[in-house]
Student: 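Once you've had a glance at the structure underneath, I'll fire off some questions.
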Amino acid sequence: MKNYNHTKIPSAIKKAGAGKEKKVKEYNHLKIEHKWQKVWEDKKLYEVKNGTKGKTFVGLIEFPYPSGAGLHVGHIRSNTAMDIITRKRRMEGFNVLYPIGWDAFGLPTENYAIKMGIQPQKITKTNTDVFRKQLKSIGFGFDWSREINTTDPGYYKWTQWIFLQMYKKGLAYKAKTSINWCPSCKIGLANEEVVAGECERCGTETTKKVKEQWMLAITKYADRLDKDLDKVNYLEKIKIQQRNWIGKSEGSEISFKIITDKIFSSGPQVNSPEWLGKDILGNNFVKVFTTRADTIFGATYVVLAPEHPIITNYKLLITNWKEVEAYIKQVKDKKDIERMAEDKEKTGVELKGIKAINPATGGEVSVWIADYVLATYGTGAVMAVPAHDERDFEFAKKYNLEIKEVISGGNILEKSFTDDGILMNSGKYNDLISEDARSKITEFVGGKIVTKYKLRDWVFSRQRYWGEPIPMIHCDKCGIVPVPEKDLPVLLPKVKSYKPTDSGESPLAIISKWVNTTCPTCGGKAKRETDTMPNWAGSSWYYLRYTDPNNKKELAGKKALRYWMKNGVDWYNGGMEHTTLHLLYSRFWHKFLYDLKVVPTSEPYMKRTSHGMILALGGVKMSKSIGNTVDPKDIVNIYGADTLRIYEMFIGPFDQTVSWNTESIIGSRRFIEKVWRLGLKVSEKEAKKNNQNSSRFIPEGPYTDKNFDYSSSLQTLLHKTIKKIGEDIESMSYNTAISSMMVLVNEMEKAESIEEKDFKMFLQILAPFAPHITEEIWQSLKEKKSIHKSIWPKWDKKKIIDDIIKIAVQVNGKVRAEITVGRDTEEEEVKKMAQKDKNIASWVENKEIKRIIYVKGRIINIVV
RNA sequence: GCCCGAGUGGCGGAACUGGUAUACGCGCACGACUUAAAAUCGUGUCUCGUAAGGGAUGUGGGUUCGAUUCCCACCUCGGGCACCA
């Protein structure tokens with residue numbers, strides 16, 4: 001791959017970039033950009049007050065994680081996009097809040113701290129300082145007076161406070177779950193630190209370790225999280241991803257009786273009440289969850305998740321226990337994703353010695369355990385209907401199990417038939433359609449209709465240092481006691497080593513001074529919770545804090561929240577990679593806060609859009625190790641912030657992944673320079689006009705045709721462009737917005753002269769994209785106020801209508817000619833003109849015209 | 001494996017709701033200006049063909065007067081899969 005040195009200054013801009021004072025005023029981006037950034041800051045142009053009269057608008061970007069790598073060009077892409085929207089809103093008269101902060105807790109900082117022995121606090125300070133400086137150099141309209149940081153005790157006090165409220169409402173609870181464990185390093189690992197089943201640091205194969213952890217009961221909100229998606233304006237694909245993640249499905253819970261060899265060899269009576277009492281283990285049935293109760297007559301075996309608790313209860317009765325035990329052990333260390341990813345080859349083991357009874361047929365079926373059944377979904381057990389389920393079909397083929405067809409319409413010898421259809425081989429339910437059969441059969445077998453969610457509760461504990469301490473105290477006498485609200489925040493203490501302990505606990509566990517405390521209830525000896533919160537905690541509510549960042553009594557004042565958040569955040573843009581976790585978690589927290597009457601809306605974000613990533617040249621990820629990263633600082637120095645902004649918006653469709661190509665930036669720079677030269681031309685003309693009182697400029701150049709009114713044609717284009725830019729910004733079609741501004745600029749160049757008022761309108765629509773150069777030219781044209789506080793221009797309806805329209809003429813769908821007609825020409829007239837056309841005549845002659853299709857103002861198709 | 005996207009010139013991409021495929025930009029070629037170069041401006045630039053005309057939007061099929069757009073099947077690439085954020 002070509003390795004382009006992006007720090008090399010292209011000869012095209014050397015002259016201007018050097019900033020020599022010449023007779024002709026050169027475009028010196030560094031001077032202009034520094035100048036206006038300082039002016040805006042001094043005048044507090046982007047700072048807003050709570051309570052100002054008028055409409056409000058809150059534009060939100062995902063606040064960055066201040067990594068040591070510095071600002072990525074990807075940050076600039078998404079920030080510029082929202083910067084453009086908020087600047088437009090400001091010009092439309094809204095009181096605009098465009099805030100910024102730092103999502104600064106997290107693993108990379110902690111790992112760096114461990115490696116270098118530097119305090120995470122210090123690293124965070126260094127990194128945020130770099131990020132702040134870099135962001136400011138791009139000219140974003142952030143309100144820096146509201147900057148927040150999740151690692152600031154004044155901030156995480158409220159993160160902890162929310163957790164306490166959740167605990168009070170029973171949404172925070174403790175449960176045993178497993179964590180990744182490296183037996184060699186003796187530390188718990190994040191999923192990311194486990195690469196192909198091995199510890200990222202030492203290469204040892206990882207295992208799982210069961211730990212008691214804090215959980216948040218997000219599943220209690222599953223239904224509302226699903227239903228309320230109807231209320232918000234998210235991109236459709238985002239809604240779909242959220243819905244699929246929540247995974248709501250209506251189905252049936254049906255019990256299958258378990259019988260053992262012992263019992264049925266002595267002559268069991270299926271369905272006999274006596275038999276029920278005979279099972280000494282008390283586990284005489286297994287519940288399955290199915291969305292296809294209509295296929296139950298075809299259920300030829302039952303499959304349990306290997307973790308299913310019922311299995312160990314039957315230990316003594318299962319005749320191949322050794323084999324079963326070995327299989328369970330083998331499965332245990334795999335992640336769900338790996339279990340399902342094992343392409344095609346499904347594995348499983350039969351539980352010999354026990355059987356289940358199909359409640360519909362009354363027949364005996366075998367019981368298996370297999371890794372394709374997940375303990376965490378449904379009931380952890382399925383009835384297998386190989387004829388009508390793909391996975392069951394594969395499994396049945398492999399282990400030679402019966403495949404019984406109960407829905408007609410497929411060819412089950414070849415593959416499973418998974419559609420709904422008409423029942424067969426199903427006793428008295430034959431000939432019913434699936435939909436009706438589901439409820440009837442469920443009732444018949446004594447099952448019940450239930451709603452299940454794929455969504456699982458949120459594992460909220462981390463055995464790490466660099467996170468918010470969970471504000472809980474363990475007392476021998478009183479049990480788990482929450483830290484009283486008045487004692488918040490529970491501060492992160494300074495430690496010597498940030499390394500997790502070899503017992504699997506957080507580094508906080510070894511600071512006895514901090515751990516040992518007194519019980520708030522009884523005053524006796526007690527210990528603090530040493531687990532910390534995940535990174536998601538601080539980012540689940542940060543947007544609220546921007547409304548009132550320094551409040552010491554509440555997470556944000558009621559008045560401030562009502563002022564800014566009466567609709568929630570108006571527009572939130574972020575990465576597609578956050579659509580399932582962060583977005584769902586913060587919606588959950590927001591709904592909880594709504595129930596507490598802390599926030600005025602039930603949804604945090606009115607509108608959510610997403611951006612694509614920026615990859616390096618060749619479509620690979622930018623990474624330090626490959627050496628293909630791009631430092632925005634270099635681009636700003638060489639080309640300027642305005643050029644960088646234009647380039648990043650022009651690079652490709654905003655919602656799609658794009659590749660960075662430094663060679664192409666020059667195109668954006670040329671565009672900016674053309675604007676600059678036009679600006680000079682307009683201001684020179686202004687100067688002349690003032691001196692000589694000269695009359696209106698008469699255009700020269702290519703448009704000397706007497707009938708061609710160039711200035712009116714340019715105005716048509718200008719007004720069309722104003723309309724298009726407005727629409728394109730709203731639909732985030734920045735790349736086409738810029739291309740149409742390029743078209744306009746090219747035309748204005750040809751015109752040799754432009755009316756000042758027209759040029760100013762153009763500057764205004766360019767201003768959100770390139771705020772510095774437009775401000776410079778604007779104020780050089782004797783404007784006193786900032787262009788960013790000017791009124792967004794209105795396009796004129798009368799000016800955007802073309803009088804003459806070109807219509808393509810097709811014969812049998814192929815374009816053969818083009819005719820020009822007046823705007824109001826009648827259909828019949830157009831048809832006649834088309835047939836008379838020279839080119840068309842030769843195609844049509846001696847042929848029978850079957851049909852003529854006319855699409856007004858576009859196309860005419862003659863079918864022969 | 002499951003869920004969500006994407007695939008168009010040498011390259012980034014455009015095309016409204018099914019209506020002239022390749023706008024805009026990069027690159028390249030030629031020309032103007034210049035002692036020269038850079039910058040700038042102009043012209044050309046999907047492909048086969050002298051032309052008439054034909055072919056081309058990942059692949060194969062379908063619907064339609066007409067398909068980049070709709071339907072079916074497949075291939076490739078990207079994002080997510082719950083402890084990276």
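Within every chain, numbering begins at 1; the chains are lettered A, B, ... in the order of the sequence lines, protein sequences first and strands thereafter.
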Student: Using atom C1' in both nucleotides, what's the gap between A36(B) and G49(B) to the nearest angstrom?
Tutor: 42 Å
Student: Report yes or no: do Thr109(A) and Tyr65(A) form a side-chain donor-acceptor pair below 3.5 Å?
Tutor: yes
Student: Within residues 241-249 of chain A, which residues have any heavy atom lying less than 4.0 Å from an atom of RNA chain B?
Tutor: Gln241(A), Asn244(A), Trp245(A)
Student: Under 4.0 Å between a side-chain N/O of Lys674(A) and OP1 or OP2 of A39(B), yes or no?
Tutor: no
Student: Within the structure, does a side-chain N or O atom of Arg456(A) lie under 4.0 Å from either OP1 or OP2 of A82(B)?
Tutor: no
Student: Write out a two-atom table: protein N or O, nucleotide N or O from nucleotides 14-17 of chain B, distance below 3.5 Å.
Tutor:
residue	atom	partner	partner atom	Å
A14(B)	OP1	Asn735(A)	ND2	2.7
C16(B)	O2	Arg858(A)	NH2	3.2
C16(B)	N3	Arg858(A)	NH1	3.1
C16(B)	N3	Arg858(A)	NH2	2.4
C16(B)	N4	Arg858(A)	NH1	2.7

Student: Taking the nucleotide of RNA chain B with the nearest heavy atom to each, does Met742(A) or Lys814(A) sit closer to the 5' end?
Tutor: Met742(A)
Student: Could you state the atom-to-atom distance from CG of Asn127(A) to P of A85(B) in whole Å?
Tutor: 15 Å
Student: Applying a 4.0 Å non-hydrogen cut-off, can you work out what Ile651(A) is touching in the nucleic acid: base, sugar-phosphate, or nothing?
Tutor: sugar-phosphate
Student: Verify side chain to side chain contact (heavy atoms under 4.5 Å, CB included) between Met613(A) and Lys621(A), making sure each step is shown before the conclusion.
Tutor: CA-CA 9 Å; Met613(A) 296 198 313; Lys621(A) 269 198 180 151; 4.2 Å; yes
Student: Look at the rings of His582(A) and Trp536(A) and say which category their plane angle falls in: under 30° parallel, 30 to 60° tilted, over 60° perpendicular.
Tutor: parallel
Student: Looking at the base of C83(B), is there any donor atom on it, or on the side chain of Gln213(A), that sits under 3.5 Å from an acceptor on the other one?
Tutor: yes
Student: Taking atom P in both G55(B) and A21(B), compute the distance separating them and give it to the nearest angstrom.
Tutor: 13 Å
Student: I need the CZ-C1' distance between Phe650(A) and G13(B), as an integer number of Å.
Tutor: 8 Å
Student: Across the strands shown, which category fits Trp181(A) at heavy-atom distances under 4.0 angstrom: base, sugar-phosphate, nothing?
Tutor: nothing
Student: Assess whether side chain to side chain contact (heavy atoms under 4.5 Å, CB included) is satisfied between Thr580(A) and Gln242(A), documenting all intermediate values.
Tutor: CA-CA 6 Å; Thr580(A) 44; Gln242(A) 289 244 326; 5.9 Å; no
Student: May I ask you to say what Leu615(A) touches in the nucleic acid, namely base, sugar-phosphate or nothing, with a heavy-atom cut-off under 4.0 Å?
Tutor: nothing
Student: Would you say G27(B) has OP1 or OP2 under 4.0 Å from some side-chain N or O of Arg670(A)?
Tutor: yes
Student: Would you classify Ser461(A) as touching base, sugar-phosphate or nothing, given that sugar-phosphate means primed atoms plus P, OP1 and OP2, and contacts are heavy atoms under 4.0 Å?
Tutor: base
Student: Mind listing the N/O atom pairs, protein and nucleotides 67-69 of chain B, below 3.5 Å?
Tutor:
none

Student: Let me know which of Val745(A), Ile725(A), Thr721(A) forms a side chain to side chain contact (heavy atoms under 4.5 Å, CB included) with Phe762(A).
Tutor: Val745(A)
Student: Starting at the 5' end of RNA chain B and moving along, which residue's nearest nucleotide shows up first, Trp536(A) or Asn812(A)?
Tutor: Asn812(A)
Student: Tell me whether G55(B) sits syn or anti, counting syn as a glycosidic angle within 90° of 0.
Tutor: anti
Student: Does the plane of the ring in His75(A) sit parallel, tilted or perpendicular to the ring in His72(A)? Use 30° and 60° as the thresholds.
Tutor: perpendicular
Student: Have Asp655(A) and Ser610(A) got a donor and an acceptor in their side chains that come within less than 3.5 Å?
Tutor: no
Student: Asn861(A) CG to U20(B) C1': how many Å, rounded?
Tutor: 11 Å
Student: Taking the P atom of each, how far is C33(B) from G19(B), in whole Å?
Tutor: 47 Å
Student: Regarding Lys248(A) and the six-membered ring of Tyr453(A), is the cationic atom NZ or CZ under 6.0 Å from the ring centre and inside 45° of its axis?
Tutor: no
Student: Quick one: Met576(A) CE to G5(B) C1', roughly how many Å, whole number?
Tutor: 7 Å
Student: Does the pair Asp728(A) and Thr736(A) meet the rule for a side chain to side chain donor-acceptor pair (under 3.5 Å), with working shown?
Tutor: CA-CA 7 Å; Asp728(A) 278 356; Thr736(A) 53; 3.0 Å; yes
Student: Please state the P separation for the pair C70(B) and U17(B) - nearest whole angstrom.
Tutor: 11 Å
Student: Paired with C30(B) by Watson-Crick or G-U wobble geometry, both distances under 3.5 Å: which nucleotide is it?
Tutor: G42(B)
Student: Would a line drawn from the ring center of Trp466(A) to the ring center of Tyr498(A) be shorter than 6.0 Å?
Tutor: no
Student: Nearest-Å distance, CG (Leu617(A)) to P (G12(B))?
Tutor: 10 Å
Student: Using the six-membered ring of Tyr572(A), assess whether NZ or CZ of Arg608(A) lies under 6.0 Å from its centre and within 45 degrees of the ring axis.
Tutor: yes
Student: Choose from C65(B), C81(B), A21(B) the nucleotide whose nearest atom is closest to any side-chain atom of Val863(A).
Tutor: C65(B)
Student: Is it the case that the ring center of Phe650(A) lies less than 6.0 angstrom away from the ring center of Tyr734(A)?
Tutor: no
Student: Scan Ile853(A) against the nucleic acid and name what it touches under 4.0 Å (heavy atoms): base, sugar-phosphate only, or nothing.
Tutor: base
Student: So what does Lys211(A) touch, heavy atoms closer than 4.0 Å: a base, only the sugar-phosphate, or nothing?
Tutor: nothing
Student: Verify side chain to side chain contact (heavy atoms under 4.5 Å, CB included) between Glu663(A) and Asn661(A), making sure each step is shown before the conclusion.
Tutor: CA-CA 5 Å; Glu663(A) 273 183 80; Asn661(A) 184 356; 3.4 Å; yes
Student: What is the separation between atom CD1 on Ile666(A) and atom C1' on A38(B), rounded to the nearest whole Å?
Tutor: 12 Å
Student: OP1, OP2 of G66(B) versus side-chain N and O of Arg816(A): anything below 4.0 Å?
Tutor: no
Student: At under 4.0 Å between heavy atoms, what does Glu62(A) touch on the DNA or RNA strands: base, sugar-phosphate, or nothing?
Tutor: nothing
Student: Using the C1' atom on both, measure G58(B) against U76(B) and round to a whole Å.
Tutor: 7 Å
Student: In a check of side chain to side chain contact (heavy atoms under 4.5 Å, CB included) between Trp245(A) and each of Leu225(A), Leu455(A), Asp226(A), which one passes?
Tutor: Leu455(A)
Student: Contact class for Leu455(A) vs. all strands (heavy atom < 4.0 Å): base, sugar-phosphate, or nothing?
Tutor: base
Student: Under 4.0 Å, counting only non-hydrogen atoms across every strand here, what does Val855(A) touch: a base, just sugar-phosphate, or nothing?
Tutor: base
Student: At under 4.0 Å between heavy atoms, what does Ser739(A) touch on the DNA or RNA strands: base, sugar-phosphate, or nothing?
Tutor: base
Student: Are the aromatic ring centres of Phe460(A) and Trp214(A) under 6.0 angstrom apart?
Tutor: no
Student: Using the P atom in both, what is the distance from C16(B) to A23(B), to the nearest Å?
Tutor: 15 Å
Student: So, is Asn746(A) close to the G25(B) phosphate, meaning a side-chain N or O under 4.0 Å from OP1 or OP2?
Tutor: yes
Student: Classify the nucleic acid contact of His578(A) as base, sugar-phosphate or nothing, counting any heavy atom under 4.0 Å across all strands shown.
Tutor: base
Student: Could you tell me how far U22(B) sits from U47(B) if I compare only their P atoms? Round to whole Å.
Tutor: 14 Å
Student: In whole Å, what separates the C1' atom of U63(B) from that of A73(B)?
Tutor: 15 Å
